K.L.:
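Can you keep this structure in mind? I'll have questions shortly.
First listed ligand is number 1; within each ligand, the first listed atom is number 1. Quantities reported herein were computed from a predicted structural model and do not represent experimental measurements.
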Amino acid sequence: MNQEVGGRSRKRKRRNNHRKIETPSIKQNATAAAAANSTVKKELPSTSTVSKSSTKPSSFLEKMKAKLSGGHFRMINEKLYTCSGDEALNYFKEDPSLFNMYHTGYQEQMSRWPEQPVNIIMKWLKDRSSSLVVADFGCGDARLAKGVKNKVFSIDLVSKDPSVIACDMSNTPLDSSSIDVAVFCLSLMGTNFPNYLEEANRVLKPSGWLLIAEVKSRFDPNTGGADPDSFCQAVCELGFTSASKDFSNKMFVLLYFKKKPKNNSNKEIKWPELKPCLYKRR
Ligand code: SAH
């Protein structure tokens with residue numbers, strides 16, 4: 001009896017481990033999205049199971065739909081991390097419904113995180129003057145704008161809300177030196193992410209803030225991530241000083257920079273590569 005209980009709990013433990021959000025190697029995941037269909041097939045219950053569960057027909061359908069939409073999410077996510085911003089813009093222009101698909105999956109993933117970085121950024125803003133003008137680069141559902149009193153320019157590839165400016169964030173319609181706080185919350189996705197930071201540098205006022213929240217594994221050299229110091233050094237060479245770094249959260253890092261009042265350097269910047277953040281099939 002005890003053994004059986006132990007066996008069950010071991011099984012549950014194994015299942016839970018699989019549920020853990022991770023950002024493992026590309027190799028592990030490259031096949032994940034493509035395998036979505038075969039997975040569904042594999043996990044179809046046997047006929048007898050179907051008839052057993054026929055009292056609850058919707059739960060099987062719901063599970064199947066969730067698996068399919070998880071597969072779509074992972075494919076779009078991988079695409080966004082492996083193409084440039086203008087390619088991503090064209091991708092969503094061709095089919096804007098992919099954006100909803102992406103964000104349904106994204107919210108699903110986020111709901112498992114004990115803490116959401118956007119909430120920490122909101123709190124940071126609330127502790128300061130609401131007169132600070134903010135640009136939220138890669139705003140998603142524009143939660144930041146909805147949660148603070150500040151004027152927020154919300155920018156994303158697709159505008160689901162009239163307040164969101166739809167563009168590639170390497171080329172925004174914002175005026176130069178017009179913004180006090182530039183935010184990148186889990187949005188440094190494109191292969192040309194340095195262009196996004198250059199754009200933030202352009203629109204920020206001198207001494208303006210640059211806040212970056214990124215998935216921790218992207219800055220973990222032990223698992224193929226970038227060296228956070230090399231990344232910070234590159235941002236500083238762009239024209240910032242590092243104000244603080246917060247590595248206390250298990251899932252993400254928070255980097256705070258201030259734009260230098262003057263930057264005359266034209267030095268070529270060596271940006272580290274930021275590996276894609278791929279999600280495990282669950
Ligand atoms: N900042 C939000 C959403 C993060 S998801 C939050 O924390 O909840 C990342 C977002 O960045 C997605 O909505 C994606 O469409 C956007 N994004 C990625 N590349 C972009 C680009 N080149 N230009 C504009 N938005 C981009």
K.L.:
Using a plain distance cutoff, I'd like to know if Gly138 has any nitrogen or oxygen under 3.5 Å from a nitrogen or oxygen of ligand 1.
P.N.:
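Such a contact does occur with ligand 1.
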K.L.:
Do ligand 1 and Ser187 have nitrogen or oxygen atoms that lie under 3.5 Å from each other?
P.N.:
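Looking only at distances, the answer is no, because the N/O contact criterion of under 3.5 Å is not met.
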K.L.:
Out of all atoms in ligand 1, which are within 4.0 Å of some heavy atom of Gly140? Include the element for each.
P.N.:
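Listed by number with element: 3 (C), 13 (O).
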K.L.:
Heavy-atom distances under 4.0 Å are what count here, so tell me which part of His103 touches ligand 1: side chain, backbone, both or neither.
P.N.:
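Side chain only; the backbone of His103 stays clear of ligand 1.
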K.L.:
In this structure, are over 12 heavy atoms from other groups packed under 6.0 Å from Glu273 atom CD?
P.N.:
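No, because the 6.0 Å sphere around CD of Glu273 holds 12 heavy atoms or fewer from other groups.
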K.L.:
Of all the non-hydrogen atoms in the protein, which one sits nearest to atom 24 (C) of ligand 1, and at what distance?
P.N.:
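Residue, atom and distance for the closest contact: Cys167 O, 3.4 Å.
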K.L.:
Side chain or backbone, does Asp156 bring an N or O within less than 3.5 Å of an N or O on ligand 1?
P.N.:
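Right, the criterion is met.
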K.L.:
Consider every N or O of Asp168 and every N or O of ligand 1, then say whether any pair is closer than 3.5 Å.
P.N.:
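It does: an N or O of Asp168 is found under 3.5 Å from an N or O of ligand 1.
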K.L.:
What do the steps show when you test Phe137 against Tyr196 for ring pair (Phe, Tyr, Trp, His ring centres under 6.0 Å), and what is the final call?
P.N.:
CA-CA 8 Å; Phe137 287 83; Tyr196 308 155; 8.4 Å; no
K.L.:
Closer than 4.0 angstrom, basic N to acidic O: yes or no for Lys160 and Asp141?
P.N.:
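No, Lys160 and Asp141 are not salt-bridged.
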K.L.:
So if I count the atoms of ligand 1 from 1 in the order they appear, which ones are less than 4.0 Å from some heavy atom of Tyr196?
P.N.:
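Near Tyr196, meaning under 4.0 Å from one of its heavy atoms, ligand 1 has 22 (N).
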K.L.:
Starting from atom 9 (C) of ligand 1, find the nearest protein heavy-atom neighbour and note its residue, name and distance.
P.N.:
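Of every protein heavy atom, Leu186 O, 3.5 Å lies nearest to atom 9 (C) of ligand 1.
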K.L.:
So, using side chain to side chain contact (heavy atoms under 4.5 Å, CB included) as the criterion, who are the partners of Asp127 when residues are at least two apart?
P.N.:
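Counting only residues at least two positions away or on another chain, Asp127 forms a side chain to side chain contact (heavy atoms under 4.5 Å, CB included) with Lys123.
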K.L.:
Using ring pair (Phe, Tyr, Trp, His ring centres under 6.0 Å) as the criterion, point out the one residue from Phe73, Phe92, Tyr91, Tyr81 that pairs with Tyr102.
P.N.:
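It is Phe73, the one option of Phe73, Phe92, Tyr91, Tyr81 that forms the ring pair (Phe, Tyr, Trp, His ring centres under 6.0 Å) with Tyr102.
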K.L.:
Think Lys258 forms a cation-pi with Tyr256, using NZ or CZ under 6.0 Å from the six-ring centre and within 45 degrees of its axis?
P.N.:
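Geometry flag: not set, cation outside 6.0 Å or 45°.
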K.L.:
Pairs of nitrogen or oxygen atoms closer than 3.5 Å, one from Cys185 and one from ligand 1: do any exist?
P.N.:
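Indeed, backbone or side chain, Cys185 has an N or O that close.
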K.L.:
Counting from 1, what ligand 1 atoms have a heavy atom of Gly85 closer than 4.0 Å?
P.N.:
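Contacts of ligand 1 toward Gly85, numbered from 1: 22 (N).
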K.L.:
Report the nearest protein non-hydrogen atom to atom 18 (C) of ligand 1: residue, atom name, distance rounded to 0.1 Å.
P.N.:
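Its nearest protein heavy-atom neighbour is Met189 SD, 3.8 Å.
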K.L.:
What is the ring orientation for Phe193 with Trp271, classed by angle as parallel under 30°, tilted 30 to 60°, or perpendicular over 60°?
P.N.:
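The arrangement is perpendicular - the two ring planes meet at more than 60°.
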K.L.:
So is Cys139 close enough to ligand 1, meaning a heavy atom under 4.0 angstrom away?
P.N.:
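Per 4.0 Å heavy-atom rule, Cys139 contacts ligand 1.
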K.L.:
Note the single closest protein heavy atom to atom 23 (N) of ligand 1, along with its residue, its atom name and the distance in Å.
P.N.:
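Closest protein heavy atom to atom 23 (N) of ligand 1: Met169 N, 2.9 Å.
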K.L.:
Could you tell me if any non-hydrogen atom of Phe184 lies under 4.0 Å from any atom of ligand 1?
P.N.:
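No, Phe184 has no heavy atom closer than 4.0 Å to ligand 1.
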K.L.:
Is the number of heavy atoms from other residues, nucleotides or ligands within 6.0 Å of NZ (Lys149) greater than 12?
P.N.:
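At most 12 heavy atoms, drawn from other residues, nucleotides or ligands, come within 6.0 Å of this atom.
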K.L.:
Judging by distance only, is a nitrogen or oxygen of Phe99 under 3.5 angstrom from one on ligand 1?
P.N.:
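No; the residue has no nitrogen or oxygen that sits under 3.5 Å from a nitrogen or oxygen of the ligand.
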K.L.:
Rounded to the nearest 0.5 Å, what separates atom CG in Leu210 from atom CG in Leu197?
P.N.:
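Atom-to-atom, Leu210:CG and Leu197:CG are 6.0 Å apart.
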K.L.:
Are Val215 and Phe219 grouped together when hydrophobic residues (ILVMFWY) are joined by side-chain heavy atoms under 4.5 angstrom apart?
P.N.:
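Unlinked, Val215 and Phe219 end up in two clusters.
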K.L.:
Could you state the interatomic distance from CZ (Arg202) to CD1 (Ile179), rounded to the nearest 0.5 Å?
P.N.:
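One finds 9.5 Å between CZ of Arg202 and CD1 of Ile179.
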K.L.:
Looking only at protein heavy atoms, identify the closest one to atom 8 (O) of ligand 1 and say how far it is in Å.
P.N.:
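Protein heavy atom with the smallest distance to atom 8 (O) of ligand 1: Tyr106 OH, 3.3 Å.
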